[in-house]
Chemist: 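Just dropping this structure here.
All values below come from the heavy atoms of this structure, side chains included, with hydrogens, waters and symmetry mates left out. These figures come from a predicted structure and were not determined experimentally.
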Amino acid sequence: IADALIEKGHFTSRRQVFDELLRDGGPAYVERTRLGAFDVIDLARRSDALTSVAHPYTIGLSRTEYAEAFERLADAGLTAIESHHTEQSPELRDHLARIADDLGLLTTGGSDYHGSGKEGVELGTGRGDLRVSDDVYEKLLAKRQ
């Protein structure tokens with residue numbers, strides 16, 4: 001939507017579209033029902049799907065709180081943690097990967113690619129040193145089978 005509005009000349013950047021139009025409470029924002037994490041994991045498990053917590057940096061927990069939260073989610077059936085993300089520092093990536101390993105969870109990764117509008121972000125690669133290797137997909141596929 002943002003890219004189309006920019007292409008039509010209504011806005012100059014994605015940031016402007018989100019700030020002025022699509023932000024929470026903005027004129028084009030649509031409230032939606034959100035499920036809690038435990039409900040999502042339960043629904044996914046009953047659907048034979050795998051689950052991964054995406055963008056964990058947005059949760060804003062301390063190192064200890066991350067470990068405690070992911071332990072509860074792992075007990076509920078969580079499959080993976082998105083430890084490799086373009087907006088996460090290398091230190092946080094390593095910390096989340098260690099938590100996943102300690103809990104027997106897989107790690108997933110994301111460049112947060114949503115088309116050409118994000119500078120320095122491409123499918124499978126992100127800002128800085130982020131490279132999501134093919135083995136992430138292969139491990140998920142093996143877990144699914």
Side-chain angles (χ1 to χ4, degrees), residues 1-6 11 13-145:
I1 292 172
D3 290 342
L5 290 169
I6 293 165
F11 294 89
S13 70
R14 282 185 174 186
R15 176 59 28 219
Q16 183 187 19
V17 174
F18 279 88
D19 287 348
E20 295 180 21
L21 197 62
L22 299 175
R23 64 175 159 56
D24 288 359
Y29 179 77
V30 176
E31 188 64 44
R32 60 195 182 275
T33 302
R34 297 175 189 246
L35 296 174
F38 295 100
D39 292 328
V40 170
I41 291 169
D42 180 58
L43 180 62
R45 288 181 69 192
R46 288 188 285 127
S47 302
D48 292 327
L50 304 178
T51 54
S52 179
V53 173
H55 305 37
Y57 72 95
T58 63
I59 301 170
L61 300 176
S62 71
R63 295 175 77 83
T64 304
E65 291 169 329
Y66 274 123
E68 293 168 355
F70 286 121
E71 183 175 11
R72 290 192 308 273
L73 294 171
D75 289 345
L78 181 69
T79 307
I81 300 170
E82 185 184 43
S83 62
H84 313 290
H85 188 277
T86 195
E87 298 295 332
Q88 293 171 175
S89 69
E91 295 79 21
L92 181 56
R93 291 181 209 160
D94 290 343
H95 179 64
L96 294 171
R98 280 192 303 277
I99 291 171
D101 189 52
D102 290 347
L103 295 172
L105 300 174
L106 298 176
T107 59
T108 58
S111 60
D112 214 18
Y113 179 77
H114 293 266
S116 61
K118 283 192 174 184
E119 186 91 16
V121 176
E122 296 181 25
L123 188 60
T125 64
R127 294 184 186 101
D129 66 343
L130 180 73
R131 302 290 180 269
V132 181
S133 68
D134 291 341
D135 75 328
V136 169
Y137 170 73
E138 292 163 4
K139 288 177 183 177
L140 285 168
L141 186 60
K143 180 79 170 181
R144 179 72 176 90
Q145 293 172 349

Chemist: Is any side-chain heavy atom of Y57 closer than 4.5 Å to one of L96?
Modeler: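 A side-chain contact under 4.5 Å is absent here.
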Chemist: Looking at CG of L78 and OG of S52, how far apart are the two atoms once the value is rounded to the nearest 0.5 Å?
Modeler: 6.5 Å
Chemist: Kindly determine whether D102 and R98 satisfy salt bridge (charged side-chain N to carboxylate O under 4.0 Å, His left out), including the steps that lead there.
Modeler: CA-CA 6 Å; D102 290 347; R98 280 192 303 277; over 6 Å; no
Chemist: For the pair K139 and D135, find out whether any cationic side-chain nitrogen is under 4.0 Å from an anionic carboxylate oxygen.
Modeler: yes
Chemist: Short question: side chain of H95, backbone of R63 - any donor-acceptor pair under 3.5 Å?
Modeler: yes
Chemist: Measure the spacing between CD1 of I1 and CZ of F11 and express it to the nearest 0.5 Å.
Modeler: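 That separation rounds to 11.5 Å.
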Chemist: Where do G77 and I41 come nearest, in terms of heavy atoms and distance?
Modeler: C-CG2, 3.7 Å
Chemist: Between R72 and F38 (side chain of the first, backbone of the second, donor and acceptor by atom type, cut-off under 3.5 Å), is there such a pair?
Modeler: no
Chemist: Taking the side chain as C-beta and beyond, is there a heavy-atom pair between Y66 and I81 under 4.5 Å?
Modeler: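 No; the side chains remain at least 4.5 Å from each other.
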Chemist: For a 4.5 angstrom cut-off between non-hydrogen side-chain atoms, does D24 reach E31?
Modeler: no
Chemist: Out of T107, L103, T108, which one pairs with L105 under the side chain to side chain contact (heavy atoms under 4.5 Å, CB included) rule?
Modeler: L103
Chemist: So for atom OH, which belongs to Y137, do other residues, nucleotides or ligands contribute more than 12 heavy atoms lying within a distance under 6.0 Å?
Modeler: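 Atom OH in Y137 is not packed in, count stays at 12 or less.
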Chemist: Closest heavy-atom contact between A100 and L106?
Modeler: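 Looks like CB-O, 3.9 Å.
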Chemist: Examine distances only and state if a side-chain atom of T51 and a backbone atom of T79 form a donor-acceptor pair shorter than 3.5 Å.
Modeler: yes
Chemist: Check whether any side-chain heavy atom of P27 lies under 4.5 Å from a side-chain heavy atom of L21, and answer yes or no.
Modeler: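 Counting from C-beta outward, P27 and L21 do come under 4.5 Å.
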Chemist: Could you pull out the closest heavy-atom pair between L50 and K143, with the gap in Å?
Modeler: CD2-CG, 4.0 Å
Chemist: Establish, from distance only, whether the side-chain atoms of Q16 and S13 form a donor-acceptor pair under 3.5 Å.
Modeler: no
Chemist: What pair of heavy atoms forms the shortest contact from R14 to A2, and how long is it?
Modeler: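 Looks like CG-CB, 4.1 Å.
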Chemist: Considering residues, nucleotides and ligands other than L43, do more than 12 of their heavy atoms fall under 6.0 Å from its CG?
Modeler: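 Counting neighbours around CG of L43, more than 12 heavy atoms of other residues, nucleotides or ligands fall under 6.0 Å, so yes.
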Chemist: Can you give me the closest heavy-atom contact between E82 and H55, atom names plus distance?
Modeler: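 Between these two residues, the closest heavy atoms are OE1-N, 2.5 Å.
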Chemist: Check L22 against Y29 and note the closest heavy-atom contact, atom names and distance.
Modeler: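 Minimum heavy-atom separation between L22 and Y29: O-CD1, 3.8 Å.
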